[in-house]
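Sequence positions, counted from 1, serve as the residue numbers for this chain. Order of listing sets the numbers, starting from 1, for every ligand and every atom in it.
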Amino acid sequence: MKILSVNAGSSSLKFTLIELPEEKVVISGTFEKIGIDGSFYTIKYKGEKDKKEAKLETHTDAVKILLDELINYKVIKSYDEIDGVGHRLVHGGDKYTESVLINDDVLETVEKLVPLAPLHNPANLVGVRSFMEVLPKTPMVAVFDTAFHQSMSEEEFLYAIPREWYERYGVRRYGFHGTSHRYIATKMKEILGEDKKIISCHIGNGASLCAIKDGKSIATSMGFTPIAGVIMGTRCGDIDVGLLPYVMSQTKKSFDDVMTDLNKKSGMIGLTGVSSDMRDVEEGYNNKDSKCITAMNMYANKIVDYISMYDAKLEGADYIVFTAGVGENSDVMRDMVISRLAYRGIKLDSEKNSTRGITGVISADDSTVKVCVLPTDEELMIAKDTYDLINK
Ligand code: ADP
């Protein structure tokens, strides 16, 4: 079966066409600057990348070009060869605990959840509707970023705020990156043959940790929104909300502007003033730039805080798994994190850790907790859910 895995943003649309059950990635691409001047798209096929300019006024324009390019590249002969489309949807609230086939009810519910994810859900919905317009008969599936964390207990997802805020307005921890953490849980079970107690560290530009027990999320570091938890490329992570009115009064900035600063100008870019990209911060660290050294140490410390917390919740983790851009590629950051856990008998095999592109176990043989690198694959997870639901 040919399944399209889709991630639509406000001005972008990413796709991967995957054949299932073979799990073979056939072709992928990104449409950018949709509705903005200078729109273009890139397509990756058989190791070659092709970039083209195109007038993309709407997402529907992008979808039509996408499908025509699939014909052009001889991946399909006609549109109806696409067996299903899986869509990444950011927020499923407490309504969705797993992926679902999209129908009018689902669209309506996701629409109702827009206040919880005002930037993401509308863009995701535009993506869904564009595909429905061009492929009206093809089954569509919604895969929610929040769904995996719906297994958290009330004690874990409630905030200590007036209960009414939760009961009336749904203010609670939801958690994100669920598709990635679920991929880690599923893949680890596939490799090990059984469920182990895992701390999944998805550390990319956005970052979150998740404690996984019996294949389920029992705790995660992002909260009501993705701003919470560990330090990220441009997001602050956990902070004291009491600083908000003070910053607003001192800077004379509006609430929205301060929130933009916390989401886009904080984290590594805020601390270093150099870059949000870990490669640049690492370079500064190696060149003994004091701000980069502080930022790297704070970044590692915060991850260690969460690992220690989750280790306790799991009553002793079996595995710590690093994934996403930083987790998969930065041996320096992995080393900074794990060396802070020496008190717990956790240690790396430094040779394995520094091997470029390594996946698998990187801890020393006598480490009390095994440490792994496992590249995440959210696109595959979305495609698999779509395949499973279509064949149900
Ligand atoms: P996103 O959260 O946007 O999906 P990714 O998971 O792709 O991001 O992670 C992107 C980030 O990974 C980059 O911003 C960069 O900080 C980091 N990264 C990628 N390659 C390396 C590397 N070789 N060394 C250190 N950090 C890296």
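Taking a cut-off of under 4.0 Å to the non-hydrogen atoms of G206, the atoms of ligand 1 that pass are 2 (O). The contact set between ligand 1 and V326, taken as ligand atoms under 4.0 Å from a residue heavy atom, comprises 12 (O), 16 (O), 17 (C).
Considering backbone and side-chain atoms alike, G325 places an N or O below 3.5 Å from some N or O of ligand 1. Of the N or O atoms in S276, none lie within a sub-3.5 Å distance of an N or O in ligand 1. Any N or O atom pair closer than 3.5 Å counts here, and M278 shares at least one such pair with ligand 1. Looking at ligand 1, you won't find any N or O of I203 less than 3.5 Å from one of its N or O atoms.
Between I161 and Y166 there is no side-chain heavy-atom pair separated by less than 4.5 Å.
Proximity annotation for atom 27 (C) of ligand 1: of E282, M232, R279, R279 comes nearest, heavy atoms only.
Side-chain N/O atoms of E32 and S11 include no donor and acceptor closer than 3.5 Å. At a cut-off of 3.5 Å, with distance as the only test, no side-chain donor of S208 or H202 sits close to an acceptor on the other residue.
Under the side-chain contact (heavy atoms from CB on, under 4.5 Å) test applied with Y41, the options K51, K33, K52, E53 reduce to a single match, K52.
Here Y174 and H91 bring their ring centres to under 6.0 angstrom of each other. Ring to ring, F148 and H177 are not that close: their centroids are 6.0 angstrom or more apart.
Protein non-hydrogen atoms do reach within 4.0 Å of atom 23 (N) of ligand 1.
Of the heavy atoms in E328, none comes closer than 4.0 Å to ligand 1.
At least one donor-acceptor pair closer than 3.5 Å links the side chain of D83 to the backbone N or O of K2.
Within the structure, the closest approach of G233 to ligand 1 does not fall below 4.0 Å when heavy atoms are considered.
For atom 8 (O) of ligand 1, the closest heavy atom belonging to the protein is N205 N, 3.3 Å.
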